[in-house]
Amino acid sequence: MTKSARIAQSAFDGSRLRVILLLDLYEGAQEQFLDAYEHMRNKVASVPGHISDQLCQSIENPSQWLITSEWESALPFLAWVNSEEHISIVRPMHSCVRDTRSMRYSVLRETHPERPAASGDAGTGLQSEARVGVGLTRHALTFTVKPGTESKVVDILANYEAPETRINGTTRLHRTSLFMHGNRVVRAVEVEGDLLATLCHVAGQPQVQAVEEAIDPYLEQDRDLSDADSARVFFTRAALPAMQHVAAGLPQPDHLRRHMLYYPAVAGRGLELARFLAHQDEAAASDPDSPVYASTVFQRDDIVTRMIDITGELDLDPLSALGIKGPGKAAELERLLDGAAIGVEGSLDSERTLHRLLAHADMMPVTDRVSADS
């Protein structure tokens with residue numbers, strides 16, 4: 001049976017990006033907000049990849065505002081929005097805003113008066129075709145804990161009462177998967193429906209708040225979740241964007257094993273490594289012999305992780321499991337991977353080294369919870 005790749009999320013298709021930010025301002029905060037926006041827009045205008053932005057005010061409710069921006073692609077936007085400079089620039093806005101909602105869309109079609117509606121042809125900056133998925137959004141966070149406290153953190157994260165996963169009739173937390181590699185934690189969630197509503201709902205659950213408070217003393221980055229600005233900065237720095245999710249275009253097998261693989265990149269090569277793995281996974285999703293049914297590549301700076309759902313044992317096909325099946329692919333990973341950081345140096349030509357790399361890259365599962373109504 002032939003397979004076809006089904007891409008649900010992608011930051012690598014080169015299409016232009018439209019970012020929409022909805023804001024609800026506090027009464028009397030408009031002048032302060034406008035001053036902060038002027039400062040921000042002057043800074044963002046010089047960011048590579050930024051095309052334009054607009055500030056709009058509701059004609060129905062003057063406290064509701066809209067900022068839209070256009071970018072050459074998702075990649076420069078993600079680099080900007082996750083940067084320390086961005087955190088610093090938007091901070092003055094926080095005291096003005098009661099509520100925010102951010103949405104990101106790649107441009108698929110557009111119409112201009114002087115020409116017919118354009119489709120996603122090469123060179124137009126438009127998404128080539130509509131992506132197909134199952135209505136799930138993947139989101140991840142990563143943070144580090146103080147060395148020597150790993151076992152305590154594992155015990156806290158593995159043994160907590162599950163929160164209510166059904167938010168409303170259309171939105172629910174589908175799955176939460178936690179992994180550790182050394183003192184690094186990666187938490188990945190799958191959400192059906194509204195991602196932001198789900199994250200806010202879960203964060204407000206007493207059992208989740210208790211877990212967050214319990215791990216606070218062990219975090220390497222200090223935070224105070226009772227302070228909105230401290231919490232916002234922590235979660236911005238912890239965000240690990242999903243760069244691509246791809247699955248085989250076949251019914252999901254009954255028994256899949258989930259793994260998270262950790263690929264620390266050579267300094268400055270994180271995006272290149274994520275792109276390489278995403279391309280490999282797209283090819284694997286169309287390969288009838290690949291054990292990898294679905295994969296999500298996450299990347300921030302030089303931190304790259306890859307969550308895979310596979311049939312069978314991980315080490316039965318190390319090349320497919322690592323995403324390096326094909327001539328020259330192992331050498332390409334070797335060029336991009338910081339082998340010393342993961343404890344595997346040298347050539348990846350030998351099967352023994354491949355198995356060592358797979359064992360070192362495979363993150364320790366802490367918990368994997370699927371909602372009862374899934």
Spatial distance of atom [atom1] ([X]) from atom [atom2] ([Y]) [nearest 0.5 Å]:
X    : Y    : atom1 : atom2 : result
R269 : R335 : CZ    : CZ    : 5.0 Å
T353 : E345 : OG1   : CD    : 11.5 Å
H174 : T198 : NE2   : OG1   : 12.5 Å
L17  : L75  : CG    : CG    : 9.5 Å
Q9   : L136 : CD    : CG    : 9.0 Å
Y105 : S15  : OH    : OG    : 14.0 Å

How close do [X] and [Y] get, counting heavy atoms only, and between which atoms?
X    : Y    : result
R356 : G343 : NH2-O, 3.3 Å
H86  : V81  : ND1-O, 3.2 Å
F276 : K329 : CZ-O, 3.6 Å
R306 : I308 : CZ-CG2, 3.6 Å
L108 : A130 : CD1-N, 3.9 Å
L261 : L314 : CD2-CD2, 4.5 Å

**Prompt:** Crowded around E84 CD? As in, over 12 foreign heavy atoms under 6.0 Å?
**Reply:**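 Yes, CD of E84 has more than 12 neighbouring heavy atoms, counting only those of other groups under 6.0 Å.
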Indicate yes or no: at least one non-hydrogen side-chain atom of [X] is less than 4.5 angstrom from one of [Y].
X    : Y    : answer
L333 : I324 : yes
L157 : T367 : no
V191 : I167 : no
L23  : F33  : yes
H255 : T311 : no
R104 : L78  : yes
L357 : L337 : yes
W65  : L25  : yes

Mark yes or no for whether [X], through its side chain, and [Y], through its backbone, hold a donor-acceptor pair below 3.5 Å.
X    : Y    : result
S46  : K43  : yes
E164 : R166 : yes
Q64  : L22  : no
D302 : G268 : yes
D224 : S226 : yes
Y37  : Q32  : no
H245 : R138 : no
E334 : L348 : yes
D362 : L358 : no
Q127 : E129 : yes

**Message:** Q299 vs L271, test: side chain to side chain contact (heavy atoms under 4.5 Å, CB included). Steps then yes/no.
**Reply:** CA-CA 7 Å; Q299 181 257 333; L271 181 60; 3.6 Å; yes
**Asked** Can you list the steps and then say if V246 with Y293 is a side chain to side chain contact (heavy atoms under 4.5 Å, CB included)?
**Response** CA-CA 9 Å; V246 61; Y293 174 78; over 6 Å; no
Can you give each donor-acceptor pair under 3.5 Å made by side-chain atoms of residues 179-188, sequence neighbours left out, with the distance rounded to 0.1 Å?
residue: H181; atom: NE2; partner: H360; partner atom: O; Å: 2.7
residue: N183; atom: ND2; partner: V145; partner atom: O; Å: 2.8
residue: R184; atom: NH1; partner: T142; partner atom: OG1; Å: 2.9
residue: R187; atom: NH1; partner: E212; partner atom: OE2; Å: 3.2
residue: R187; atom: NH2; partner: E212; partner atom: OE2; Å: 3.4

Would a hydrophobic clustering, with Ile, Leu, Val, Met, Phe, Trp and Tyr connected at side-chain separations under 4.5 Å, put [X] with [Y]?
X    : Y    : result
I51  : V19  : no
F298 : F12  : no
M243 : I303 : no
M260 : V370 : no
V189 : M307 : no

Do we see a donor-acceptor contact under 3.5 Å between the side chains of [X] and [Y]?
X    : Y    : answer
S320 : D317 : yes
W71  : S69  : yes
D53  : H50  : yes
R175 : S371 : no

Closer than 4.0 angstrom, basic N to acidic O: yes or no for [X] and [Y]?
X    : Y    : result
E332 : R275 : no
E70  : R16  : yes
D24  : R101 : no
R91  : D229 : yes

**Asked** Would you call the rings of F234 and F143 parallel, tilted or perpendicular if under 30° counts as parallel and over 60° as perpendicular?
**Response**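 Rings of F234 and F143: tilted, as their planes differ by 30° to 60°.
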**Request:** Report the C-alpha separation of E190 and R258 in whole Å, then their side-chain angles, then the decisive distance to 0.1 Å, and conclude whether the salt bridge (charged side-chain N to carboxylate O under 4.0 Å, His left out) test is met.
**Result:** CA-CA 13 Å; E190 294 180 2; R258 171 157 292 188; 2.7 Å; yes
**Asked** Does R369 make a cation-pi contact with Y160 (under 6.0 Å, within 45 degrees of the axis)?
**Response**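 Judged by the rule, R369 and Y160 form a cation-pi pair.
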**Step-by-step side chain to side chain contact (heavy atoms under 4.5 Å, CB included) determination, L240 to L141** = CA-CA 5 Å; L240 190 60; L141 296 172; 6.0 Å; no
**Request:** Check step by step if side chain to side chain contact (heavy atoms under 4.5 Å, CB included) holds for I87 and V233.
**Result:** CA-CA 7 Å; I87 291 174; V233 169; 3.9 Å; yes
